[in-house]
Amino acid sequence: MDQFTLNLIVVGATFALYFGIAIWARAGSTAEFYAAGGGVHPIANGMATGADWMSAASFISMAGIIAFGGYDTSAYLMGWTGGYVLLAMLLAPYLRKFGKFTVPEFIGDRFYSGTARIIGVICLLIISITYVIGQMSGVGVAFSRFLEVSNDTGLYIGAAVVFAYAVLGGMKGITYTQVAQYVVLIIAYTIPAIFISLNLTGNPVPPLGLFSDATSSGEPLLTTLNGLLADLGFKSYTAQSDNTLNLFLFTMSLMIGTAGLPHVIVRFFTVPKVADARSSAGWALVFIALLYLTAPAVAAMARVNLIHTFFPNGPMNAALSQADTPQWVDNWVKTGLLKVDDLNGDGMIQYYNDGAAAQAKALADAKKSGDEAAIASAQAAFDTAAAAGTAKLAEKNPQAATWKGNELTVNNDIIVLANPEIAQLPGWVIALVAAGGLAAALSTAAGLLMAISSAVSHDLIKGQLNPGISEKGELLAARISMAVAIAVATWLGLNPPGFAAQTVALAFGVAAATIFPALMMGIFTKSINSQGAIWGMLAGLITTVGYIFLHKGWFFVASTASYSDSAPMLFGIKSTAFGTVGALINFAVAYVVSMSTKPTPETVQELVESIRIPKGAGTATHH
């Protein structure tokens, strides 16, 4: 059976399962649509939360980011896992005790202000839409390769699938679909990792294989990888190159951003009681750990296999001939996510750090514009940088003297999906990884779309614009808003501001600067009043989004950017790390304004006191 047919069978079977669950668990009321009726078992909720949490960024992109970024990008692991601990301990049980459907509803009630609730909705929409761009990008990557279509076509197909089961089932359908998706994605992630760990180290446990000796060299795997990278002019895999301030702020931004993610928080409204919120958080950590302990091994081993593919006899020897490229290279070239360009016309593929990555991007942008003068200028800059890089590498590898620049461009997001093909694993493993990648992207996309639709229909329409709307009308509004959100996410996903994990990191920054401080102050202090919360959220939102747009372009239009993450605006702080600064601004502004205005009413202070006692919560309610 050919690979394409096998992919169709495995992916088709999983989709049939998801659609079947969505139909079986179709939401018939707003309580089921927003909170699955509040009757989800903690273990099932933990598994669904794991799937909701382990998005395209975790499954598809994180290992790719680490594979090419090394030590510096381990912040993704530390920030995301550490943040989930914060969420489980500091927020989940208290929000469940409050017993409402959505995060903006808590903000509106705690800070006794419809304006605060609307700002909460705005923050939620910005966070969720930015986050869902990364998921849709991941869906496009997976579909484009395994259905052998263009990246854009893959994105359209994924949007249609999400529309079918998320709009139909609401939170009830999404929850039980995510349980199935977790099973699919964790099996798909770990089985190839076990095979590859055995091949490279002889150890079947990937996290242990990462610190075992490589069978090819007899040295530790990471030492072997560092040697391969040094021979090709890349930076050391295990060395820190980013400045410590940025690394710290980035890790913190991911941590507190995680604790402020609306689509994850809302999962804890689906369990029967407060104790179940704590229990499901614990189970979710167990399920998440299975993938996060494996990801560093997948990243390092993928980089080793990639280098071995193009230098079968080692980097100091002849590169791979284009005529001898394995089938997986041709497969991914078709998607446009892997590019081969024989710059020196020798019929070989030279993969190395030519020191001209920035100039190569500028040249590609110039060619898109069609401006001949700009192309000539960019070409000259590229040639100069590439020549300097080649001369430096030729000191160690005489063959590099004839190289004219790096001839292989690999999109980070393909590493996990291409890993089984690079390692020459059986076809059924490749098909399983395709299903797993799609499960990861679709599960989180559905959760985000759920958060968007509930914010619009429940918090904006029912909470502010039309309080008298019927339950049927509210349910219809929720489904329409979800459909609109899918359309917007698809459009933005066609031109994302970065790799899936990088785009998601921007969403975490906004969550860190807005939602997390509001929730923390709302739960743990009585002194922050409505004015403080409103101005604090606005300050955090405006400064963080403004900083991101200055670096990524206004509304992610790259040509409008004033700075880049390689040359940041402030103290070397990249746009992905600014969320921590935004959070500090939020806390400071909220405190100063609250101390300068009327104190919090007694009734609200009593409400805060009752929230901090994590027991006795009833079923979720709405106004």
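Atom set for the values below is all heavy atoms of this structure, side chains included, hydrogens, waters and symmetry mates excluded.
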For Tyr189 and Val416, indicate whether the former's side chain and the latter's backbone hold a donor-acceptor pair under 3.5 Å. no
Pick one: which of Thr244, Asp242, Asn243 meets side chain to side chain donor-acceptor pair (under 3.5 Å) with Asn246? Asp242
If you take the centroid of each ring, where Trp contributes its six-membered ring, are Tyr76 and Trp80 closer together than 6.0 Å? yes
Take Ile534 and Ser113 through the side chain to side chain contact (heavy atoms under 4.5 Å, CB included) test and state the conclusion after the steps. CA-CA 9 Å; Ile534 289 169; Ser113 168; 3.6 Å; yes
Is there a side-chain contact between Ser562 and Leu550 in this structure, where contact means two heavy atoms from C-beta onward sitting under 4.5 Å apart? yes
Rounded distance [0.5 Å steps], CD1 in Ile585 versus OG1 in Thr544: 6.5 Å
Taking atom CZ of Arg117 and atom CD1 of Ile107, what is their separation to the nearest 0.5 Å? 10.5 Å
For the residue pair Ser527 and Met595, establish whether any side-chain heavy-atom pair is separated by less than 4.5 Å. yes
From CA spacing to verdict: side chain to side chain contact (heavy atoms under 4.5 Å, CB included), Val608, Phe524: CA-CA 8 Å; Val608 174; Phe524 293 104; over 6 Å; no
Keeping the roles fixed (side chain from His551, backbone from Thr576), state whether a donor-acceptor pair exists under 3.5 Å. no
So does Met89 have more than 12 non-hydrogen atoms from other groups sitting under 6.0 Å from CE? no
What's the separation between atom CD1 in Ile43 and atom CH2 in Trp283, rounded to the nearest 0.5 Å? 4.5 Å
Which residue in the set Tyr563, Phe578, Trp554 passes ring pair (Phe, Tyr, Trp, His ring centres under 6.0 Å) when paired with Phe549? Trp554
At their closest point, which heavy atom of Ala75 faces which heavy atom of Leu247, and how far apart are they? CB-CD1, 4.1 Å
So, the side chain of Asn466 versus the backbone of Ile461: is there a donor-acceptor pair under 3.5 Å, distance only? no
Might you point out which heavy atoms bring Ile186 and Phe287 nearest each other, and give the distance in Å? CD1-O, 4.4 Å
Under 4.5 Å between any side-chain heavy atoms of Leu249 and Val581, yes or no? yes
Tell me if the CZ atom of Phe15 is crowded by more than 12 foreign heavy atoms within 6.0 Å. yes
With rounding to the nearest 0.5 angstrom, report the OG to CG distance, Ser594 to Asn529. 4.0 Å
Please step through side chain to side chain contact (heavy atoms under 4.5 Å, CB included) for the pair Val510 and Thr130, ending with a clear verdict. CA-CA 9 Å; Val510 179; Thr130 306; 5.6 Å; no
Just wondering, are more than 12 heavy atoms of other shown residues or ligands nearer than 6.0 Å to CZ in Phe248? no
Looking at every non-hydrogen atom in both residues, tell me the closest pair between Thr490 and Leu155 and how far apart they are. O-CD2, 3.4 Å
May I have the step-by-step check of salt bridge (Lys or Arg N to Asp or Glu O under 4.0 Å) for Lys552 and Asp565, ending in yes or no? CA-CA 8 Å; Lys552 296 295 183 182; Asp565 281 335; 3.2 Å; yes
Are Met62 and Leu291 close enough that some pair of their side-chain heavy atoms sits under 4.5 Å apart? yes
Within a strict 4.5 Å, meaning less than it, do heavy atoms of the Lys574 and Phe250 side chains meet? no
Can you establish whether the number of heavy atoms outside Tyr71 located under 6.0 Å from its atom OH is more than 12? no
Are the side chains of Leu290 and Tyr182 in touch, meaning some heavy atoms are under 4.5 Å apart? yes
Restricting to non-hydrogen atoms, name the atom on Ala512 and the atom on Pro517 that form the minimum distance, rounded to 0.1 Å. O-CD, 3.1 Å
Which residue is it: Val121, Val488, Ile129? I am looking for the one with a side-chain contact (heavy atoms from CB on, under 4.5 Å) to Ile452. Ile129
Could you please spell out the steps behind the side chain to side chain contact (heavy atoms under 4.5 Å, CB included) verdict for Phe68 and Thr73? CA-CA 9 Å; Phe68 290 98; Thr73 48; over 6 Å; no
At their closest point, which heavy atom of Ile528 faces which heavy atom of Phe111, and how far apart are they? O-CE2, 3.7 Å
Quick one: does Thr81's side chain have a donor or acceptor within less than 3.5 Å of a partner on Leu77's backbone? yes
Would you call Ile66 and Val298 a side-chain contact if the rule is heavy atoms closer than 4.5 Å? no
CE on Met252 to CE on Met78, rounded to 0.5 Å: 12.0 Å
Just by distance, do the side chain of Thr600 and the backbone of Lys526 share a donor-acceptor pair under 3.5 Å? yes
Are the side chain of Thr525 and the backbone of Met521 linked by a donor-acceptor contact shorter than 3.5 Å? no
Under a 3.5 Å distance rule, please check whether Thr580 uses its side chain to pair with a backbone N or O of Ser253 as donor and acceptor. yes
Could you pull out the closest heavy-atom pair between Ile414 and Leu337, with the gap in Å? CG2-CB, 3.6 Å
pair Tyr112-Leu607: side-chain heavy atoms closer than 4.5 Å: no
I need the Ile288 CD1 to Tyr84 OH distance, nearest 0.5 Å. 5.0 Å
